[in-house]
Colleague: 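Please find one structure pasted underneath; my questions will follow.
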Amino acid sequence: MKNTKVIFMGTPDFAVPILETLIEHTDVVMVVTQPDKEVGRHHELVPTPIKKVAIEHGINIYQPTKIKEEFMPIVNANADIIITCAYGQIIPEIILNNPKFGCINVHASLLPKLRGGAPIHHAIIDGEEKTGITIMYMDKKMDTGDIIASREYIIKDDDNVGTLHDKLSQIGKELLIETLPSIVSGTNTRTPQNNEEATYAWNITREEEHLDFNASAKEIYNKVRGLYPWPTANTIINGLEVKVLECYISDKDSNLSSGTICEINKESIGICTKDKVIYITKVKPFGKKAMPALDYINGLNKEKILHSIVE
């Protein structure tokens, strides 16, 4: 496959192993990624993780602000195949229809489940038992193209977004390089998606990061894991926002109203949910570093917050 001319389109860390394996096995003639972002007080321009890899390997880089209007350099590159992974913009049909082997996407779910931009987060938040990687042909709609191959992963109780992100990225790399020869030779399978089974994983909003203790302990536990280490869940304790990073479910039934701080011990803060007590063990107070709940508790007026309601 070293003679196969590939354009790779991607942006975040998740896509890095996919690009690296394509560089090893194919001829990557162009990398398309999102524009550099301004970061920090000094508005320093920071390249995307994918751009950094492309620079290391001396690959031509293209960073259109609006790909729907700035597509001709991609068309003119005359690639045999375009492979995308977490690129971040809707790709116009003129690009999709251009390469002879098509435009292929590496998606982090078992399609048609969890179409959209945050499938890893929602796999955990929604309490899915399994997720995985799908290699698919792209079409003009979001994540609706025919499936070429998929591989599942059983979600573990201690998985969070960080661990699941890394595991699925490696699975994606392996599945793509196993599948690519059949795509180039035209011997791959092609299975239409059942749209009636589709679910969606929209990008996480700021409002969705807030914990609602009227939910079950399991739902709250899943949400904390599904938002850690980014963007992280939060609640309000004693009028101040606290990011909740780690917690566990106890076997204690809630005997107070949902959201009531029912226990403060040496290692955690116990909060009632609609069914069980959930214990918060690691937090990040506003404007401070992440810390064990023990360190946070030492700075609290325990008598004031015990039996208070988190918001």
Colleague: Ignoring hydrogens, what is the shortest heavy-atom contact between K140 and E93? Give both atom names and the distance.
Modeller: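 Minimum heavy-atom separation between K140 and E93: CD-OE2, 3.6 Å.
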
Colleague: Using the rule that Ile, Leu, Val, Met, Phe, Trp and Tyr join whenever any side-chain heavy atoms are under 4.5 Å apart, tell me whether I94 and Y87 fall into a single cluster.
Modeller: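 They do share one cluster, since a chain of ILVMFWY contacts under 4.5 Å joins I94 to Y87.
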
Colleague: Side-chain heavy atoms under 4.5 angstrom apart, residues restricted to Ile, Leu, Val, Met, Phe, Trp, Tyr: same cluster for I91 and I104?
Modeller: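 In one cluster: no.
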
Colleague: Please evaluate residues Q34 and Q63 with respect to the criterion side chain to side chain donor-acceptor pair (under 3.5 Å), reporting the C-alpha separation (whole Å), side-chain torsions for both, the decisive distance (0.1 Å), and the verdict.
Modeller: CA-CA 5 Å; Q34 294 279 59; Q63 296 177 272; over 6 Å; no

Colleague: Run D139 and Y137 through side-chain contact (heavy atoms from CB on, under 4.5 Å) and show every step you take.
Modeller: CA-CA 7 Å; D139 61 18; Y137 284 106; over 6 Å; no

Colleague: Give me the atom names and distance for the closest heavy-atom approach of P17 to S169.
Modeller: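 Heavy atoms of P17 and S169 come nearest at CG-OG, 3.1 Å.
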
Colleague: For residues K52 and P47, determine if any side-chain heavy atom of one lies less than 4.5 Å from a side-chain heavy atom of the other.
Modeller: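 Heavy-atom side-chain distance check passes, below 4.5 Å.
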
Colleague: Take Y200 and H122, measure what side-chain contact (heavy atoms from CB on, under 4.5 Å) needs, and give me the verdict at the end.
Modeller: CA-CA 9 Å; Y200 293 88; H122 280 282; over 6 Å; no

Colleague: Step by step, work out the side-chain contact (heavy atoms from CB on, under 4.5 Å) result for C262 and C272.
Modeller: CA-CA 7 Å; C262 58; C272 291; 3.6 Å; yes

Colleague: Mind checking whether I125 and I155 sit in one hydrophobic cluster, side chains of I, L, V, M, F, W, Y counted as touching below 4.5 Å?
Modeller: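 No; tracing contacts between hydrophobic side chains, which count when under 4.5 Å, never links both residues.
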
Colleague: Do you know which of V53, L19, T48 makes side chain to side chain contact (heavy atoms under 4.5 Å, CB included) with V31?
Modeller: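 Of V53, L19, T48, side chain to side chain contact (heavy atoms under 4.5 Å, CB included) with V31 is met by L19 alone.
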
Colleague: For residues V277 and Y279, determine if any side-chain heavy atom of one lies less than 4.5 Å from a side-chain heavy atom of the other.
Modeller: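 Yes, close enough: below the 4.5 Å cut-off.
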
Colleague: Could you measure the distance from the NZ atom of K274 to the CZ atom of F213? Nearest 0.5 Å is fine.
Modeller: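 One gets 14.5 Å once the value is rounded to the nearest 0.5 Å.
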
Colleague: Considering non-hydrogen atoms only, spot the tightest contact between P231 and K243 and give its length.
Modeller: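 Distance-wise, the nearest heavy atoms are O-NZ, 4.1 Å.
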
Colleague: So do I133 and L110 actually touch side chain to side chain, heavy atoms under 4.5 Å?
Modeller: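 Counting from C-beta outward, L110 and I133 never come under 4.5 Å.
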
Colleague: Would you confirm whether T273, through its side chain, and D275, through its main-chain N or O, come within 3.5 Å as a donor-acceptor pair?
Modeller: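 Here the side-chain-to-backbone pair exists.
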
Colleague: How long is the straight-line distance from CZ of R115 back to CE of M136, given to the nearest 0.5 Å?
Modeller: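 Reported to 0.5 Å precision, the distance equals 8.0 Å.
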
Colleague: Step by step, work out the side chain to side chain donor-acceptor pair (under 3.5 Å) result for E24 and T21.
Modeller: CA-CA 5 Å; E24 181 181 353; T21 199; 4.6 Å; no

Colleague: Identify whether the distance between the nearest side-chain nitrogen and carboxylate oxygen of E241 and R206 falls below 4.0 Å.
Modeller: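 Salt bridge between E241 and R206, a charged N being under 4.0 Å from a carboxylate O: yes.
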
Colleague: Is there a continuous path of hydrophobic side-chain contacts, each under 4.5 Å between heavy atoms, that joins M9 to M142?
Modeller: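 No, because M9 and M142 fall into different hydrophobic clusters, even though each may have its own neighbours under 4.5 Å.
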
Colleague: How long is the straight-line distance from CD1 of I278 back to NZ of K218, given to the nearest 0.5 Å?
Modeller: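 The NZ atom of K218 sits 10.0 Å away from the CD1 atom of I278.
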
Colleague: Between I269 and I297, is there a side-chain heavy-atom distance shorter than 4.5 Å?
Modeller: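 They are in contact (side-chain heavy atoms under 4.5 Å apart), so the answer is yes.
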
Colleague: Before giving the answer on side-chain contact (heavy atoms from CB on, under 4.5 Å), spell out for I183 and I148 the whole-Å C-alpha distance, their side-chain angles and the decisive distance to 0.1 Å.
Modeller: CA-CA 8 Å; I183 297 172; I148 301 168; 3.8 Å; yes

Colleague: Could you tell me if the side chain of L211 sits less than 4.5 Å from the side chain of I271, heavy atoms only?
Modeller: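 Answer no - side chains too far apart.
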
Colleague: Say you draw a straight line from CD1 of I154 to OG1 of T131; how long is it, rounded to the nearest 0.5 Å?
Modeller: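 Here the rounded value is 10.0 Å.
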
Colleague: Could you tell me whether W202 and H121 have their ring centroids closer than 6.0 angstrom?
Modeller: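 Aromatic pair excluded; centres sit 6.0 Å or further apart.
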
Colleague: Could you tell me which non-hydrogen atom of T260 sits nearest to which non-hydrogen atom of I309, and how far apart they are?
Modeller: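 Closest approach of T260 to I309: OG1-CD1, 2.9 Å.
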
Colleague: Between the side chain of E219 and the main-chain N/O of S216, is any donor-acceptor distance below 3.5 Å?
Modeller: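 Answer holds: yes.
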
Colleague: State yes or no: do L245 and V224 share one hydrophobic cluster built from I, L, V, M, F, W and Y residues joined by side-chain heavy-atom distances below 4.5 Å, directly or via other members?
Modeller: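 Different clusters.
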
Colleague: Are any of the side-chain nitrogens in R151 or E178 under 4.0 Å away from the carboxylate oxygens of its partner?
Modeller: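 Yes, R151 and E178 are salt-bridged.
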
Colleague: Looking at D80 and K100, is there a salt bridge between them, counting it only when a charged N and a carboxylate O are closer than 4.0 Å?
Modeller: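 Counted as a salt bridge, because a side-chain N and a carboxylate O are separated by less than 4.0 Å.
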
Colleague: Taking the side chain as C-beta and beyond, is there a heavy-atom pair between I50 and F8 under 4.5 Å?
Modeller: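 Touching, per the 4.5 Å side-chain cut-off.
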
Colleague: Check S258 against N214 and note the closest heavy-atom contact, atom names and distance.
Modeller: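 Result for this residue pair: CB-OD1, 3.3 Å.
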
Colleague: Could you give the distance from CG (L175) to CD1 (I18), rounded to the nearest 0.5 Å?
Modeller: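 Going from the CG atom of L175 to the CD1 atom of I18 covers 10.0 Å.
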
Colleague: Apply side chain to side chain donor-acceptor pair (under 3.5 Å) to S182 and T187, showing your working.
Modeller: CA-CA 5 Å; S182 67; T187 59; 4.8 Å; no

Colleague: Side chains of L180 and I83: closer than 4.5 Å at any heavy-atom pair?
Modeller: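 They are in contact (side-chain heavy atoms under 4.5 Å apart), so the answer is yes.
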
Colleague: Counting C-beta onward and ignoring hydrogens, is there a side-chain heavy-atom pair between Y228 and V161 closer than 4.5 Å?
Modeller: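 The answer is no; the side chains never approach within 4.5 Å.
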
Colleague: Does E263 form a side chain to side chain donor-acceptor pair (under 3.5 Å) with N265? I'd like the steps, not just the answer.
Modeller: CA-CA 6 Å; E263 183 180 344; N265 57 46; 3.2 Å; yes

Colleague: Does D253 come within less than 4.0 Å of K276, counting only side-chain N to carboxylate O?
Modeller: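 Here D253 pairs with K276 in a salt bridge, since their nearest N and O are under 4.0 Å apart.
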
Colleague: Ignoring hydrogens, what is the shortest heavy-atom contact between P229 and N160? Give both atom names and the distance.
Modeller: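 Shortest heavy-atom contact: CD-OD1, 4.3 Å.
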
Colleague: So does D27 pair up with K5, basic N to acidic O under 4.0 Å?
Modeller: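 Between K5 and D27 there is no salt bridge, as every charged N stays at least 4.0 Å from the carboxylate O atoms.
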
Colleague: Regarding K167 and D159, does a basic nitrogen lie under 4.0 Å from an acidic carboxylate oxygen?
Modeller: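 Yes, charged N to carboxylate O under 4.0 Å.
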
Colleague: Measure the CG-CG distance between N238 and N301 for me, rounded to the nearest 0.5 Å.
Modeller: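 Here the rounded value is 7.5 Å.
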
